[in-house]
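What follows is a single structure, written as structure tokens, with notes after it.
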Number of protein chains: 2
Amino acid sequence: MDHNNLPLNDIYAPENRIYVATDCIIFGFDKGILKLLVFERRVEPFKGTLSLIGSFVKPNEAANEAARRVLKEITGLENIFMEELKTYSNIDRDPGARCISIAHYALIRIDDYDKELVAKHDAIWCEVDKLPKLVLDHDLMIEDALNRLRRKARFYPIGFELLPKKFTIPQFQNLYEAIFQKTLDTRNFRKKLMSLKLLIPLNEKDKSGSKKGAFLYKFDYKKYKRLEEKGFNFSLFKN
Amino acid sequence: MDHNNLPLNDIYAPENRIYVATDCIIFGFDKGILKLLVFERRVEPFKGTLSLIGSFVKPNEAANEAARRVLKEITGLENIFMEELKTYSNIDRDPGARCISIAHYALIRIDDYDKELVAKHDAIWCEVDKLPKLVLDHDLMIEDALNRLRRKARFYPIGFELLPKKFTIPQFQNLYEAIFQKTLDTRNFRKKLMSLKLLIPLNEKDKSGSKKGAFLYKFDYKKYKRLEEKGFNFSLFKN
DNA sequence: ACAAAAGTGTTCTTGGTACACCCATGC
DNA sequence: GCATGGGTGTACCAAGAACACTTTTGT
């Protein structure tokens, strides 16, 4: 900071402080549908309306620590893919007080989380394209998060974070079709995906999706990390 | 925000407030070299050291407004390409007080700005790969900004923001070579650039770079905006 | 006349895209 | 035996990569 070259005591005036919060856009993928974990307010203000899950950033934590704390409180999960999205800081975004929010988005394996915790916090999974109007600027956050997810999933293998650890190729294709809202050619998708050589084939089939059953795979994180450092371009399609 | 479903009066406790600042990573391009506008502190703390240019976010402005205000105070420029980079919020990042910074990066035409203003604020242009250690976590911010610039310049035509409004193809290629730290094939670069059909040729030459002189062009912002809405992929090379 | 940068085409290779049928199984 | 989703190969086309010489002009 420069603070216009003022000495310390002029800068750090308490009235310059602002409430800092974080809101989490938590994505999940269930039965071919992309979902968001949202939250129904039990108390005023905005009682009964939906909002994202969030919290103030406390004096003893960084913004991303706050986001992870929130995520853990609601889902019980740790070590989740989570990234800072963007800061929302319009002066009138929160009618209660001047408050900025540093939004984060997370991708979780929808069958991994603690259902009791989720229920206890009045959190519900809502399909992304059937969301009602949310509180404050949370709609905007979600829109931004979706765009970010699309851009990111296109160039980085973060899609795997939304699938079970063992997954099938058709599941993976469904996920991408849900994220990008378009159908993809099975043969080309497979061919490209396999050419990356980042899937470890397992000798098991998942029969939940069809009678024939589809082979299960694991994503090779270690190999990807190695390739990534050398500037590897994970990208499953062009347009 | 959820604030754990607490009523209002428990949430908005003044001690939850934090100092919020913004720091600006201001890129310029001059004579084939990528530069940063940094700032030499005249007063304690950190007197004599270099830092980015920043300020607190004031009660009546959003974070991006604060960043634009700072940019204008130092360079006199408005309507500049500027984007939020990332929030820096480690609890001990600023020894003076708990203070988070919402960093922004900007691209300016280095011959456009107000040199008197810059001088008055003890700001100096410093080559990006000859930067000394800066104050606090500003080195980290710069590293992040450089990575962001590279990713962004690869897929969006933001490079033009660093060049004069009238520029030559060789200038443009030099810029990309400076950003990506590698040499590019002249013929392929030109071919690709021209195939995008986003440059308006002018019937003038710039002779500052050679005896022969190189033709000047303007970037067609309007056309780009139209194409962008339809999902246009500006990208000058692959690897 | 020579130095220094601008400008220009072709070939090869890679990778994307389009497209249709057989397979395995549970019911 | 049939319905359902899983799995496979080929031909065409577009775009990237490699590569060397001529042009212009100031000195």
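Naming convention: chains lettered A, B, ... in sequence-line order (proteins, then strands); numbering from 1 in each chain.
Near DNA chain D, defined here as any heavy-atom distance below 4.0 Å, the residues from residues 183-191 of chain B are B/Asp185, B/Arg187, B/Asn188, B/Lys191, listed numerically.
A/Lys205 has its NZ atom 15 Å from the P atom of D/dG5, to the nearest Å. Counting to the nearest Å, the P atom of D/dA15 and the CG atom of B/Leu196 are 11 Å from each other. Look at CG on B/Asp206: it is 13 Å from P on D/dG26, rounded to the nearest Å. Per the geometry, CG belonging to B/Asn233 stands 13 Å off P belonging to C/dG16, to the nearest Å. For the pair B/Gln171 CD and C/dG7 P, the interatomic distance rounds to 11 Å; values are reported in whole Å. In this structure, B/Leu193 places its CG atom 16 Å from P of D/dA15, rounding to the nearest Å. One can place CG of B/Leu236 at 10 Å from P of D/dG16, the figure rounded to the nearest angstrom. At whole-Å resolution of the value, CZ in B/Phe172 and P in C/dA6 are 15 Å apart.
Along DNA chain D, the nucleotide closest to A/Lys211 and the one closest to A/Ile169 are compared, and the more 5′ of them pairs with A/Lys211. Toward the 5′ end of DNA chain C lies the nearest nucleotide of B/Lys212, the other residue of the pair A/Ser235 and B/Lys212 mapping further downstream.
A donor-acceptor contact closer than 3.5 angstrom is absent between the side chains of A/His138 and A/Ser51. Counting only N and O atoms by type, the side chains of A/Tyr88 and A/Asp23 include no donor and acceptor under 3.5 Å apart.
Salt bridge status for A/Arg69 with A/Glu73: present, with a side-chain N to carboxylate O gap under 4.0 Å.
In this structure, the side chain to side chain contact (heavy atoms under 4.5 Å, CB included) partners of B/Pro132, at least two apart in sequence or on a different chain, are B/Leu50, B/Cys126, B/Leu134.
For B/Phe219 and B/Tyr221, the gap between ring centers is short of 6.0 Å.
For residues 180-208 of chain B, the set of pairs meeting the ring-ring contact (aromatic ring centres under 6.0 Å, His included) definition, not counting sequence neighbours, comprises B/Phe172-B/Phe189, B/Tyr176-B/Phe180, B/Phe180-B/Phe237.
Relative orientation of the B/Phe167 and B/Phe160 rings is tilted, given thresholds of 30° and 60° on the angle between their planes.
Closest to the side chain of B/Ser210, out of D/dG6, C/dA5, C/dG16, is C/dA5.
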